[in-house]
Amino acid sequence: MRILGIETSCDETAVAVLDVIGSGARPHVRVLANVVASQAKLHAAFGGVVPHLAKREHQKNLVPVLLAALKTTGLSHSAKRKAYGTKRSAMSDLRLAEILEREPEFLLYVKRRLMRFSPPKIDAIAVTIGPGLAPALWVGVNFARSLAYLWGKPVIAVNHLEGHIYTNVLPESSTAESRKTKDESRPSSFALRPLAFPALCLIVSGGHTEIVLMRGYGRYDVIGETRDDAAGEAFDKVAKMLGLGFPGGPVISRLAERGNPRAFVFPRPMINAANFDFSFSGLKTAVLYTLRDVKRIGDQTVRDVAASFEQAVVDVLVRKTIRAARQYRVKTVMIGGGVAANKKLRAELGQALTRQYPRAAYLLPSTSLTGDNALMIALAGWFSRKKKTAWRSLQADANLRLDSRRD
Ligand code: KG4
Ligand code: ZN
């Protein structure tokens, strides 16, 4: 089964094509394309993602990103489409105008660049429908609806967080850069890593911090989540206070490597609470007060604050994840989301598991896939392949949850 993935929930415009061979116990995959256009630089000037700018950029970038992805796969060619005679074309024009009613400029772009292409050899289109920024999500959803209509393909609605979880089943070597070896046109295939259930995933991103218990593929129970800021958001806000720019996670963790994690004593919010919830806004405020009291903030102070802050976040994440793993006697522990790229978190969770709960398999996603991408959406789409829908019923849902049990 060949799936085209589309992701526009935040500030990355991404399209990927994934080939899944076999559906038994150990399916193999081939990554045919994985293209990401990041808007990070644009939003950096504002210190965070600006929703209406994100929407505009997605509208601008989606068609070129799709064309780049299709070009890599060799699945599409720009021969004039015979199937679309004048009559058919007029009808599809009308329908497209209806689908992209709220995005007139985008419609022009789609018509000018896409109608010339013959439908690529794919079986379904997987698209992120939420959670995320509503204006950004809708661009991707309407784009997927247009393609599904134009090409006559079914769509699969994907939860963005599910995508982050499934990055763990891809072996590290299956990612895009490893394909650049030998023969570009024939990427190798890789067996997906099977998950032993129950499995636990710590999702840590710019918008979410959740501990998810999985009792099977597609069966999620959110057993804990943040009550205020997400872990990535805390990294971003602390980076802003230190004048380090946006996004903050990568730069804080880089500086922290040369800082003293015990130089400042920051709180570990809710670390001992008898639940799996988190809170990071108090920690952020503690950093703010500390910075106010420091007389001279030199380079080493910045490194020490970064290291002490990072240590506080990692301590809470690790302690709660280990406790959840033990309580639910899980067989697999994994992490996903932008903050899953954090080296300290990856290492310290691994060490804590070895010491305190060695019976669980510890899976880590490739750091090239922890940020938002469409490969993870195509993959999550494959796991939901039985839930294909028609383009008409597709809707974005900015507050989509993995489970529907907790409000
Ligand atoms: O998953 P993601 O790309 O986007 C969302 O869905 O939110 O996550 C982005 C977040 C940002 O807050 C960024 O600062 C954080 O991930 N991040 C990191 C690191 N790399 C990215 N946080 C800590 N350490 C990192 N190395
Ligand atoms: Zn994300």
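In this chain, residues are counted from 1 in sequence order. Just so you know, these numbers come straight off a predicted model, no measurement behind them. Whatever order the structure lists them in is the order used to number ligands and atoms, beginning at 1.
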- Would one find an N or O of Phe235, backbone or side chain, under 3.5 Å from an N or O of ligand 1? no

Straight-line distance of [X] [atom1] to [Y] [atom2], nearest 0.5 Å:
X: Leu213; Y: Cys201; atom1: CG; atom2: SG; answer: 11.0 Å
X: Thr209; Y: Asp228; atom1: OG1; atom2: CG; answer: 9.5 Å
X: Leu133; Y: His58; atom1: CG; atom2: NE2; answer: 7.5 Å
X: Asp11; Y: Leu53; atom1: CG; atom2: CG; answer: 11.0 Å

Check each atom of ligand 1 against the heavy atoms of [X] and keep those under 4.0 Å away; list them by number with element.
X: Ser205; value: 1 (O), 5 (C), 6 (O), 7 (O), 8 (O)
X: His164; value: 1 (O), 6 (O)
X: Gly248; value: 14 (O)
X: Gly232; value: 12 (O)
X: Gly371; value: 3 (O)
X: Gly207; value: 7 (O)

Would you tell me which option among [options] has the nearest heavy-atom contact to [atom]?
atom: atom 21 (C) of ligand 1; options: Gly338, Ser253, Pro247; result: Gly338
atom: atom 15 (C) of ligand 1; options: Val339, Asn373, Thr167; result: Val339
atom: atom 13 (C) of ligand 1; options: Thr370, Asp236, Leu345; result: Asp236

- side chain to side chain contact (heavy atoms under 4.5 Å, CB included) with Ile203: which of Val339, Leu402, Ile335, Ile211? Leu402

Say whether [X] and ligand 1 are in contact under the criterion: heavy-atom distance to a ligand atom below 4.0 Å.
X: Cys10; value: no
X: His208; value: no
X: His160; value: yes

Starting from [atom], what is the nearest protein heavy atom, named by residue and atom, and what distance separates them?
atom: atom 10 (C) of ligand 1; answer: Gly206 N, 3.4 Å
atom: atom 2 (P) of ligand 1; answer: Asp372 OD1, 3.5 Å
atom: atom 22 (N) of ligand 1; answer: Gly249 CA, 3.3 Å
atom: atom 24 (N) of ligand 1; answer: Asn342 ND2, 3.0 Å

- Residues, nucleotides or ligands: over 12 heavy atoms within 6.0 Å of Glu105 CD: no

- Taking the six-membered ring where the residue is Trp, are the ring centres of Phe309 and Phe235 under 6.0 Å apart? yes

- Identify whether the distance between the nearest side-chain nitrogen and carboxylate oxygen of Arg2 and Asp19 falls below 4.0 Å. yes

- Task: For His160 and Pro131, indicate whether the former's side chain and the latter's backbone hold a donor-acceptor pair under 3.5 Å.
- Result: no

- Say whether, by atom type as modelled, one donor and one acceptor occur between the side chain of Asp304 and the main chain of Asn260 under 3.5 angstrom. yes

- Can you tell which of Glu310, Gln311, Glu257 makes a side chain to side chain donor-acceptor pair (under 3.5 Å) with Lys344? Gln311

- Query: What is the number of protein N/O/S atoms located under 2.8 Å from the Zn ion (ligand 2)?
  - Reply: 3

- Query: Should the pair Phe383 and Tyr166 be assigned to parallel (<30°), tilted (30 to 60°) or perpendicular (>60°) ring geometry?
  - Reply: parallel

- Message: Give me each pair satisfying side-chain hydrogen bond (donor to acceptor under 3.5 Å, both in side chains) with a member in residues 59-70, each pair once, sequence neighbours excluded.
- Response: Glu57-Lys60, Gln59-Glu103

- Query: Where do Leu161 and Leu400 land on the side-chain contact (heavy atoms from CB on, under 4.5 Å) test, with the steps shown first?
  - Reply: CA-CA 9 Å; Leu161 300 179; Leu400 187 68; over 6 Å; no

